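The block underneath contains the structure these notes are about, expressed in structure tokens.
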Amino acid sequence: MKDTFRYILGYLLGIAIILFLIPFWQYNISIKEYGLPSDLIFISDITRITISIILFIIGIIFGAWSNIYLYEHGKGGPFDAFNKAISPRSKNLLTTGPYRLCRNPMLFGTICAYSAFGFLFNSLRSLMVAVGFTIFMYIYVKVFEEKRLKKDFGDEYIQYKKSVPMIFPYSIILEIFKKKGKES
């Protein structure tokens, strides 16, 4: 019963912060005047909306896939704050599914979604929120999460860390180029 409550709490906090609070902030800073010159990114609506849709779909896919995979295979939840487990911590090191592409697929999905909002709102300020979030989370993962994972999973995590990128799944891009090279 206690773990069920912690899963629910972890997901509710994650939803409140990740899906509502930060996008709401992005929207607000994109519509308010701060005495700065216009910060439009694209003049073409079709370009920015297309980029927004693509990034948002990628973000949703990675976010949902990694959360479901973490719950089913890692036997843990997604919310851990400064070494305090809000939802139960993963009992298994995940190296398959979305975690074979990057060590932090939820974070990658969130960065894609926040970038999508920046393009959708046509605002550099909003896009800078995504950049700031990325920098903050990179530092957070390095300082807190990686140390905990090394402590929890030891050499298995160290080997995994050496072979899989931290946030951005470069291997997908490399596979696409390799396939295109073979087709040519």
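Side chains included, hydrogens not; waters and symmetry mates left out as well; all remaining heavy atoms used. Note that the structure is predicted; figures quoted are calculated from it, not measured.
- Contacts classified as salt bridge (Lys or Arg N to Asp or Glu O under 4.0 Å) and involving residues 47-59 (residues at least two apart or in different chains) are given here: D45-R48.
- When the side chains of ILVMFWY residues are joined at heavy-atom separations under 4.5 Å, either directly or via intervening members, I22 and F24 end up in two distinct hydrophobic clusters.
- L127 is linked by a side-chain contact (heavy atoms from CB on, under 4.5 Å) to I41, S115, F119, counting only residues two or more places apart in sequence or in another chain.
- Using a 4.5 Å heavy-atom threshold, the side chains of M166 and Y138 count as touching.
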(request) Could you walk me through whether F133 and L107 pass the side-chain contact (heavy atoms from CB on, under 4.5 Å) test, one step at a time? (result) CA-CA 10 Å; F133 175 81; L107 180 54; 3.5 Å; yes
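- At least one side-chain heavy atom of Y99 sits less than 4.5 Å from a side-chain heavy atom of M106.
- The distance from atom CD1 of I61 to atom SG of C112, rounded to the nearest 0.5 Å, is 10.0 Å.
- Judged purely by distance below 3.5 Å, without hydrogens or angles, the side chains of S126 and Y114 never pair a donor atom with an acceptor atom.
- When side chains are defined from C-beta on, F153 does not count as touching Y160, because their heavy atoms never get closer than 4.5 Å.
- Here L101 contributes atom CG and T96 contributes atom OG1; the two are 10.0 Å apart, rounded to the nearest 0.5 Å.
- The shortest distance between side-chain heavy atoms of L94 and L70 falls below 4.5 Å.
- Remark: the backbone N or O of I167 is not paired with any side-chain donor or acceptor of R103 at under 3.5 angstrom.
- Shortest non-hydrogen contact noted between R100 and V164 is O-CG1, 3.9 Å.
- With sequence neighbours left out, the salt bridge (Lys or Arg N to Asp or Glu O under 4.0 Å) criterion links K142 to E146.
- L55 and I46 fall into different hydrophobic clusters, where Ile, Leu, Val, Met, Phe, Trp and Tyr residues are linked whenever their side-chain heavy atoms come under 4.5 Å apart, directly or through other members.
- In this structure, H73 and N92 approach most closely via the heavy-atom pair O-ND2, 2.9 Å.
- By the 4.5 Å heavy-atom criterion applied to side chains, C102 and F168 are not counted as neighbours.
- Heavy atoms from other residues, nucleotides or ligands lying under 6.0 Å from CH2 of W25 number 12 at most.
- Rounded to the nearest 0.5 Å, atoms CD (E156) and CG (L149) are 10.5 Å apart.
- By the 4.5 Å heavy-atom criterion applied to side chains, F62 and P169 are counted as neighbours.
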(request) Begin with the C-alpha distance, continue with both residues' side-chain angles, and end with the deciding distance and a verdict on side-chain contact (heavy atoms from CB on, under 4.5 Å) for Y157 and D152. (result) CA-CA 8 Å; Y157 177 72; D152 290 353; over 6 Å; no
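- Residues E145 and N104 have side chains in contact (heavy-atom distance under 4.5 Å, counting atoms from C-beta outward).
- Nearest heavy atom pair, residue A116 against residue S52, reads O-OG, 3.1 Å.
- The line from OG1 of T47 to CG of N122 is 10.0 Å long, rounded to the nearest 0.5 Å.
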(message) ring pair (Phe, Tyr, Trp, His ring centres under 6.0 Å) for F56 and F117? Distances and angles first, verdict last.
(response) CA-CA 8 Å; F56 192 73; F117 291 133; 5.7 Å; yes
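- Residues L120 and V131 are members of one and the same hydrophobic cluster, defined by side-chain heavy-atom contacts under 4.5 angstrom among Ile, Leu, Val, Met, Phe, Trp and Tyr.
- In this structure the side chain of I158 never reaches within 4.5 angstrom of the side chain of K161, judged on heavy atoms.
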